[in-house]
Structures are given as structure tokens and as C-alpha cells.
Amino acid sequence: MVKKEIIRIIDLKKSFGPFKVLNGVNLGVEQGKTTVILGRSGGGKTVLMKHIIGLMRPDSGKIIVEGSDITVMDDIALDRVRMNFGMCFQDAALFDSMTSGENVAFPLRMHTKKREDEIAHIVREKLAQVGLKDVEQKMPSDLSGGMRKRVGLARALALDPKILLFDEPTTGLDPIMSDAISELILETKRATGATLVVISHDIGGTFKVADKVAMLFGGRIVLEGGPDEIRANSNEAVRQFIEGRAKGPIPLI
Amino acid sequence: MVKVLENVGRGAASVVEEAGRLGIMLFQSLMWVVRPPYFGRLILKQMEFVGVKSITVVILTGAFTGMVMAFQIYYGFNKFGAESMVGAAVALAMTRELGPVLTALMVNARAGSAMAAELGTMRVTEQIDALAVMAVNPVNYLVTPRVLASIIMLPVLTVVSDYVGMLGGYMVACGLLKVNPGMFVGNIYDILEINDIFNGLIKASFFGMILSLVGCYKGFYTYGGAEGVGRATTEAVVLSSILILIFDYVLTALMF
């Protein structure tokens, strides 16, 4: 079977002042699969994700999305590519001046000419898909963290994207809610057939949802493979990370 | 010594950099005025926020400024028996100078700070990134409506301020200081020209642009959580107040 890559990152480099945050990242994301990028907090995971969706421009390197390099695109071309993406932010990033329903309706109002009753129908459907009902009128500030993430996912799903990005989907949630979100990610992938890219430092959730795990350390992908390969890896640094030990070859600061 | 020079250089570089980024944001926000998609409803909403909701403060500042001006000018003019000219002097001061400047400073404190705080919060909670990810240009969606609304509404508020200022002046001069009401009003008609009012309104538009642009800019590039939002808000109000006063001089000199 030929593996089809929907995203290919080639030698991506980005520095902030003297800090080399990404130092030559190479990574392929296979279509229809879930790729989890695992790394420490502050290790450049979010920066990498912001490059994938074109929120940041790299110092050098390429990001090929469906055959075209997004790092050299102008805003209009980039917006066209972004229509294929849905993104779930770490803290949901819901517009706090709008109700949950308006948040989910926002991309539909911006990019489709659908009538209000059609939009209301889709909003209800997407919210149901993430396990919520009767929250359309609630403001984001009235929702719990887990519910906000679900509304954020519903908003990301509104335009039926081909690629879904999750920025730390389980951070800041209790273990039960974390697992529920992991289940929701699996369920979303099954229901939509989308390609998922998840960045995380949550080991349990990662092994649950991943088809492929890539470990980001020191600005590079140091290891990639299926969850079982990673788990069986005997490298001391990898063991330290997946077992969550402070002592080991990876320095704390 | 080298350190001192280094710091001076770094300071100068950051000023130039900031001015450049402000200019780019101004260019972008005005470009989106003509380029679709248009967000007419957002512009109206901002016009309400910047304009309608500022009326109370503008009336209060305008009225009291006109009233105090009447006292001060009367004190001066009384020395050479020109009390009847108090009305014209108040009118000139309000329309050419105090109406636009005080309105801009008050709206800056009210709306400019709110813009910085709102956009700053949206930045640190990734709402601005969320807009971009959903293929909605954040400058078009957030900055352009605010800048446009301010450019339109500041002259409108200034007209209100000019009017209540003269009214306040009339009440003090004619009510308390017993200036002849006919002379007060008549001299305004004789001396005040339509260009005096226009000069003030052009300034007001310009100030509207400054306060909204600086507020949006500071909010847009906020970093560092809640503290960052606070810093952005303070910097926005201080910087735009200073710019308003500097450009007040520049515009006055140009239109003199």
C-alpha cells in the first residue's frame, strides 16, 4: 500500500533571538492517520503547530501541504489552504463575546452562504457530535474547561476540514475528562475520516489516540514510529520521558 | 560608555521599529476598507461603542471646559473692556482647539484603552490566532472597523463638544458675569468662520485614527498574559495621548 502524505515538513528552522526553537524538523503526516507530536512543555511543539497552519513563518525550510509549500504563500493563498484545516486550541480560544452557538456558526457565516436555519441545524449537529446539547445560548465563560474544548472542536469541525490540529487537547483537564477527550478524538477520526495532528505531553492519551508518534526534542524530531515501537524503545531519554522521571539524560532546565 | 551608546542605539531602533509596525498596521487596516470581505455590522457596532456611548463624557467635558473658559477669558478681556468678545473667544477656542483635543483625549481614555484591553485579551487567549486559522483576516475583522468607526465618530462627537462648550460659556458669561447675551451670540456669528469648525473636525478625524490605531496596535501585539494586557492598555493610552498632542501642534501649524 502506498502511503500518502498530506503534510511534509522539510528541514524547518525557527529561532527567537538566540533561542533555536526548531532546528531542522523533518516530519511527514500520513493522510487519514493520527500523528502525535510528543515533547516537553516549552519544547517548541506549539511553535511547530503554528508553522503548520501558517501563523508563523519559518527562518528556513518548507512545509508542503497537499503538494504546495505554504511557507512562501501570500495571505490569500494561505487562507485557501486554511479552509482545509480545523484547529482546536489549548484553551479552546472561543470568542468570549459570542455564545457557544455563535462560535460554532462563525466559520459557516464567514465562508458559506447558508441560510440561518441551515446554520442552526449544522451547529446543533456538530455540537451533538462532540457530545453537547442545549449549550448554544451559553457564553463560553459559563462552560467548564472540558465543555469549552468540546465547543472548540465543534467549531473546528464546522466546515468539515480534511486536517484537524489539536494543541494539547488534554492539558488542564482532570484524568477522567482527559480520557473522555481522547475518546472524543478517536470518535472524531472515525466519524470524519480526517487526518489528525495532535501535540501533547500526555503519555496516556498519546498512546491511546496515536497511529504514529513523533518525539520532538532540542528542535528536532528525534524518534518516530508506531506507539508500540516507541513504547518498546530502550533509549534512556525516551524511557525517561514516557515514564515521567525527573532523573535521567534529559536536563530539567 | 559603550553600554550607554548601546542602550541609546537599542532605544532608537525600537522606536523606529514600532513606528514602522504602526505604519504597516495603518496601511493594512485602510487597505481592508476597500478590499472584501466587508464587515459593515462590525463598523456600526464600533460606531455605537466609540460614538454613542461616549456622548455623556464628551458633553460633561465640553460643558465644563466652555464654562471655565468663559470665566478665564472674561477675567482677561475685562481688563481692557472687551467683555462682549467673550463669546467669540470661547467659540474660537472650542472649535479650533479644545473641542477636538479634549474629545480625543476623553474618547482615548474610554475607547482606546478598551480596544487595547479587548484585543490584548483576544491575543493572549489565542482568539486572534483562531480568527486567522479560520481564514478570517484579524486586521480586517478587528482593526479596520475600529479605525474606521473612530475616524467617522470623532468629528461627530467634536461637534457636540463644540456646541455644549459654547452653551456652557453662554451660561457662565451671560448668567453669572452679566455679559449682554445679544453681544455674546452676535460676536460668535461675526468672528467664527466655517473654516474654524472644519479645521477642528479634520483634527478630530485624525485624532480618531491615532487613538484607534494605537489602541488596536498595542492590543494586537500583546504578549505575556494578564500582566501583558495591563501593560498594553497603559502603553496605548499614554502613547496615543502624546501622539494626539504632538499631531495637534503639527496639524494646527499646517492649517494655520
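When all heavy atoms of Gln127(B) and Leu94(A) are compared, the pair lying nearest together is CD-O, 3.3 Å. Contact detail for Ala93(A) and Glu126(B): the closest heavy-atom pair is CB-O, 3.6 Å. Nearest heavy atom pair, residue Ala130(B) against residue Arg155(A), reads CB-NH2, 3.6 Å. Ala132(B) and Leu55(A) get closest at one heavy-atom pair: CB-CD2, 3.5 Å.
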### Message
Please determine whether side chain to side chain contact (heavy atoms under 4.5 Å, CB included) holds for the pair Thr125(B) and Gln90(A), giving the CA-CA distance in whole Å, both sets of side-chain angles, and the decisive distance to 0.1 Å.
### Response
CA-CA 9 Å; Thr125(B) 57; Gln90(A) 189 170 348; over 6 Å; no
### Task
Evaluate the side chain to side chain contact (heavy atoms under 4.5 Å, CB included) criterion for residues Phe89(A) and Val133(B): first the C-alpha distance (whole Å), next the side-chain angles of each, then the deciding distance (0.1 Å), finally the verdict.
CA-CA 10 Å; Phe89(A) 288 86; Val133(B) 166; 3.8 Å; yes
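Leu159(A) does not touch chain B: none of its heavy atoms, backbone or side chain, sits under 4.5 Å away. Heavy atoms of Asp167(A) lying under 4.5 Å from chain B belong exclusively to its side chain. When heavy atoms are compared at a cutoff of 4.5 Å, Ile52(A) does not approach chain B at all.
Interface residues of residues 213-228 of chain B toward chain A, defined by a heavy-atom distance below 4.5 Å: none. Within residues 107-115 of chain A, the residues that have a heavy atom under 4.5 Å from a heavy atom of chain B are Pro107(A), Met110(A), His111(A), listed by number.
Counting heavy atoms from C-beta on, the side chains of Met122(B) and Phe95(A) come closer than 4.5 Å. For the pair Arg35(B)/Ile76(A), a side-chain contact is recorded, criterion being any heavy-atom separation below 4.5 Å from C-beta on.
Atom OH of Tyr249(B) has 12 or fewer neighbouring heavy atoms from other residues, nucleotides or ligands inside a 6.0 Å radius. When the shell of 6.0 Å around NZ of Lys20(A) is examined, it contains 12 or fewer heavy atoms from other residues, nucleotides or ligands.
Per-residue counts of heavy-atom pairs under 4.5 Å with chain A were compared for Thr121(B), Leu131(B), Asp129(B), Ile128(B); the largest is that of Asp129(B).
To the nearest 0.5 Å, atom CG of residue Asn140(B) and atom CG of residue Asp75(A) are 11.5 Å apart.
For Phe106(A) and Tyr141(B), the distance between ring centers is under 6.0 angstrom.
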